Structure formats: C-alpha cells, structure tokens
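Everything on this sheet refers to the single structure shown next.
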Amino acid sequence: MAEGNLSRYVKLTKEQAPADITPGELNQPVQVPELNVKTCIECGQPLPASYESPADEPWTTGICGCCQDPDVCWTGLFCPCVLFGRNVESLKEEIPWTNACVCHAIFVEGGITLAAATAMFNGYVDPNTIRLFAEGLLFAWWICGIYNGLFREELQRKYHLQDSPCDPCMVHCCMHWCALCQEHREMKGHLSDNAVAAMTIVNPPPVQEMKTDEGRKSTSSSSSGNGDELPRSTNFEIQQL
C-alpha cells in the first residue's frame, strides 16, 4: 500500500472482552426522529416540521345551539362537571373522566356554592371580607376559564376549527355552559363521521370440478346401464365479483 493512501480500517491492538448482553436486548425498537414526519392527508407527501394546518373549518353547531341536543343540554345545565369529564376523556384517553369531573366540581361548582353562601350572609359578614371573597372567586373563575380554554384549543387544533365566536379562554369565561355543550356536540359529530361502515360480506363462488375423459366415459357407461336414466348436467355460472 502506498504511503499517501491511508487505510480506512482500524487495527485492533488488543482483544475485546465479551460484553454481557441480556436476551432480547438487541431486538428493541429504535426510534428514528427523521422518520416521524407529518404527511399530507390528500397525497401522503411528507410535510415540513414547521407546517401547521390552517384553522379555517367552521363548527358544525353554533355556540347557542344547545337545544339541538336536549340530552347534552340538560347534562350541561345541571351536571356540567360530568359533561366536562366526558369531553376531556374523549379528547385525551389517558385522562379518566372522573378526575376531570372532580376537578371541575371542586373549582367551578364549589366556587358557585361559595358565592351563593357569601351573598346569603351579606348582612352578617364584614364588607371587607365579602369583597375579599368576591375577588378570590373572580380570580378562580378566570383561572378555570383558562384551564377549560386550553382543552378547547386542543379540540380546535385536532379538527382545524376556527375561533368561534372569540378566543377559547374568553368563550369559557363568558359562556362556559354553552361552550361545554358545543364541544360535546362537535366531538360527537366527528366520532359519528369517523365510524367504520358496515362490512359487506361476499360469499365465494361454489367449488368447480373438472372431469377428465375417463371420468366422462365411466359416467356415460353407468348411465347407460341404468336404462333410460339420463346423465345429469350441471350448469356453472361465473359471476363477476
């Protein structure tokens, strides 16, 4: 080998000790980030990592369309915590609906109960204390609106929905019950659209047998021995699947 040409191989100077390999260790899947790319729904071409789908799809129902689904309307009116838990579980399967329901009941329904109790004992409690309670309740309601608005934003990103009628957090701060019903109707409609259609069962054609000349001669001889009995003929019909 010429001195100017360097070898691409590395010479081992000492023997390597055998490594302890656990059975099945080398069969683990390998995550390749370059392969996890977004693809176009229409043509399947890879999309850039910075691509964001346009949020221009309208909602299937309006914010004030609660009467379109009476069952959801009554549930959202009297048990909004249950409806919120169902919405969260439909959006995020890893979160059970009971956790979201209890969280909503403590902060929203609990805050409303505390506000009603403060109003009932208005004349018996110091005004400064009532003012402090009112400020705390308003702050808690604002935090709950932001918390619920985050789930509404995730729903909009999933189905590419536009902000209607305004920012998601502002919608929950001003029209919380109507927003819960609208989100439930939206997810319910998309789930019905994505339902798997009934499969059409196609029965295979009957088995066709091919007979040779020897089989035909034996059949004709047996039929001639039986007198006037004629051989039965079978008509096969090939249908296009």
Side-chain angles (χ1 to χ4, degrees), residues 38 41-42 52-120 122 130 133-198:
K38 297 181 180 179
I41 303 177
E42 299 294 336
E52 292 293 339
S53 301
D56 54 358
E57 294 292 334
W59 293 73
T60 55
T61 58
I63 190 69
C64 298
C66 300
C67 297
Q68 297 181 10
D69 195 336
D71 296 336
V72 176
C73 180
W74 289 113
T75 305
L77 181 61
F78 294 102
C79 299
C81 57
V82 176
L83 188 60
F84 176 72
R86 293 175 181 175
N87 293 348
V88 172
E89 187 178 33
S90 300
L91 191 61
K92 291 187 174 182
E93 298 180 355
E94 66 273 10
I95 301 179
W97 75 274
T98 51
N99 293 359
C101 178
V102 171
C103 182
H104 189 280
I106 292 175
F107 290 98
V108 178
E109 281 84 345
I112 294 175
T113 304
L114 183 59
T118 304
M120 290 176 59
N122 186 12
I130 294 178
F133 271 112
E135 293 176 356
L137 290 174
L138 289 176
F139 178 75
W141 181 260
W142 178 64
I143 294 297
C144 292
I146 295 176
Y147 178 74
N148 289 272
L150 294 177
F151 285 100
R152 186 178 177 90
E153 284 185 354
E154 188 166 352
L155 176 65
Q156 293 180 195
R157 286 195 300 268
K158 183 176 182 180
Y159 298 117
H160 313 298
L161 301 172
Q162 58 187 0
D163 291 343
S164 176
C166 57
D167 184 75
C169 298
M170 188 62 64
V171 171
H172 273 281
C173 286
C174 301
M175 308 177 68
H176 177 65
W177 286 265
C178 296
L180 289 179
C181 296
Q182 184 191 25
E183 294 164 7
H184 188 82
R185 293 193 306 271
E186 189 72 24
M187 287 187 287
K188 186 177 179 180
H190 281 281
L191 289 177
S192 61
D193 293 341
N194 297 333
V196 179

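In what follows, every heavy atom counts, from backbone to side chain, and hydrogens, waters and symmetry copies are set aside. Quick caveat: nothing in here was measured; it's all calculated off a predicted structure.
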Going by atom type alone, with no hydrogens or angles, which donor-acceptor pairs under 3.5 Å involve a side-chain atom of residues 70-77 and a protein atom two or more places apart or on another chain?
{"residue": "Thr75", "atom": "OG1", "partner": "Asp71", "partner atom": "O", "Å": "2.9"}

Taking every non-hydrogen atom, the tightest pair across Ser90 and Met187: CB-SD, 4.0 Å

For the CG atom of Asn87 and the NZ atom of Lys188, what is their distance to the nearest 0.5 Å? 11.5 Å

Considering all heavy atoms, the nearest Ala100-Gly85 contact: CB-CA, 3.9 Å

Would you sort out whether Asn148 and His104 count as a side-chain contact (heavy atoms from CB on, under 4.5 Å), showing the intermediate values? CA-CA 9 Å; Asn148 289 272; His104 189 280; 4.1 Å; yes

Separation between SG (Cys169) and CG (Leu150), nearest 0.5 Å, reads 5.5 Å

What closest approach, in Å, do Cys66 and Cys181 show between heavy atoms, and which atom pair accounts for it? SG-CB, 4.1 Å

Working note: Val82 + Trp97, criterion side-chain contact (heavy atoms from CB on, under 4.5 Å); need CA distance, chi angles, decisive distance, verdict. CA-CA 8 Å; Val82 176; Trp97 75 274; 4.2 Å; yes

Nearest heavy-atom approach of Glu153 to Pro168 is CG-CG, 3.4 Å

Rounded distance [0.5 Å steps], OG in Ser164 versus CZ in Arg152: 7.0 Å

Trp141 versus Cys173, closest heavy-atom pair with distance: NE1-O, 2.9 Å

Do the side chains of Arg185 and Thr60 get nearer than 4.5 Å, heavy atoms only? no

Evaluate the side-chain proximity of Gln182 to Trp177: yes if any heavy-atom separation is below 4.5 Å, no if none is. no

In short, Trp59 meets Gln162 closest at the heavy-atom pair NE1-O, 2.8 Å

Rounded to the nearest 0.5 Å, the CG atom of Leu91 sits from the CZ atom of Arg157 at a distance of 9.0 Å

Under the criterion side-chain contact (heavy atoms from CB on, under 4.5 Å), I'd like the reasoning laid out for Trp142 against Ile146: C-alpha separation, chi angles, the key distance, then a yes or no. CA-CA 6 Å; Trp142 178 64; Ile146 295 176; 3.6 Å; yes

Spacing of Glu186 atom CD and Gln156 atom CD [to the nearest 0.5 Å]: 9.5 Å

From Ile95 CD1 over to Asn99 CG, what is the distance, rounded to the nearest 0.5 angstrom? 8.0 Å

Side-chain H-bond candidate by donor/acceptor type, Thr61 with Gln68, under 3.5 Å: no

Is any side-chain heavy atom of His172 less than 4.5 Å from a side-chain heavy atom of Cys144? no

Measure the shortest side-chain to side-chain distance between Pro165 and Val171 over non-hydrogen atoms and say whether it is less than 4.5 angstrom. yes

Please report whether the ring centroid of Phe84 lies less than 6.0 Å from that of Phe151. yes

Can you list the steps and then say if Glu89 with Glu94 is a side-chain contact (heavy atoms from CB on, under 4.5 Å)? CA-CA 7 Å; Glu89 187 178 33; Glu94 66 273 10; over 6 Å; no

